[in-house]
Amino acid sequence: MDDGITGGTLANVDSIVVVRHGVLVYERYYAYPEQKIRFDATTRHRGHSMTQSVVSLLVGIAMERGLIEDVYVRLFFISSECRSPYA
């Protein structure tokens with residue numbers, strides 16, 4: 001993956017952080033000449049599509065473990081911590 005990013009095959013990747021079992025196993029930040037921001041561990045990122053991917057992964061794991069039976073159930077019915085004041 002690193003070769004793909006530095007070689008230009010995987011564009012628009014500015015950082016990769018991998019945590020496994022609560023341990024940081026890989027961390028790398030990339031800089032492109034046209035970027036105004038130099039990314040590091042303190043730089044805030046927008047995580048729009050990344051967030052969708054992570055939530056999808058977690059829902060799949062929860063369904064496999066029988067914690068969620070139906071993907072069409074609203075989140076606030078699954079967890080009391082997610083209760084909406086407007087529900």
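Nothing here was measured: the structure is a model prediction, and the numbers come from that model.
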Partner residues of D2 under the salt bridge (Lys or Arg N to Asp or Glu O under 4.0 Å) criterion, sequence neighbours left out: R28
In the single-linkage hydrophobic clustering (I, L, V, M, F, W, Y; side-chain heavy atoms under 4.5 Å), do [X] and [Y] co-cluster?
{"X": "V17", "Y": "V54", "result": "no"}
{"X": "V25", "Y": "M1", "result": "yes"}
{"X": "M50", "Y": "Y29", "result": "no"}

Residue list, side chain to side chain donor-acceptor pair (under 3.5 Å) with [X], at least two apart or on another chain:
{"X": "D3", "value": "none"}
{"X": "T42", "value": "D40"}
{"X": "S15", "value": "H45"}

Could you tell me the separation between the OG1 atom of T43 and the CG atom of D14, rounded to the nearest 0.5 Å? 8.5 Å
Under the ring pair (Phe, Tyr, Trp, His ring centres under 6.0 Å) test, residues paired with Y26 that sit two or more places apart: none
T6 to Y30 - nearest heavy-atom pair and separation: CG2-CE2, 3.9 Å
List, one per line, each side-chain donor-acceptor pair under 3.5 Å for residues 55-68, sequence neighbours excluded.
none

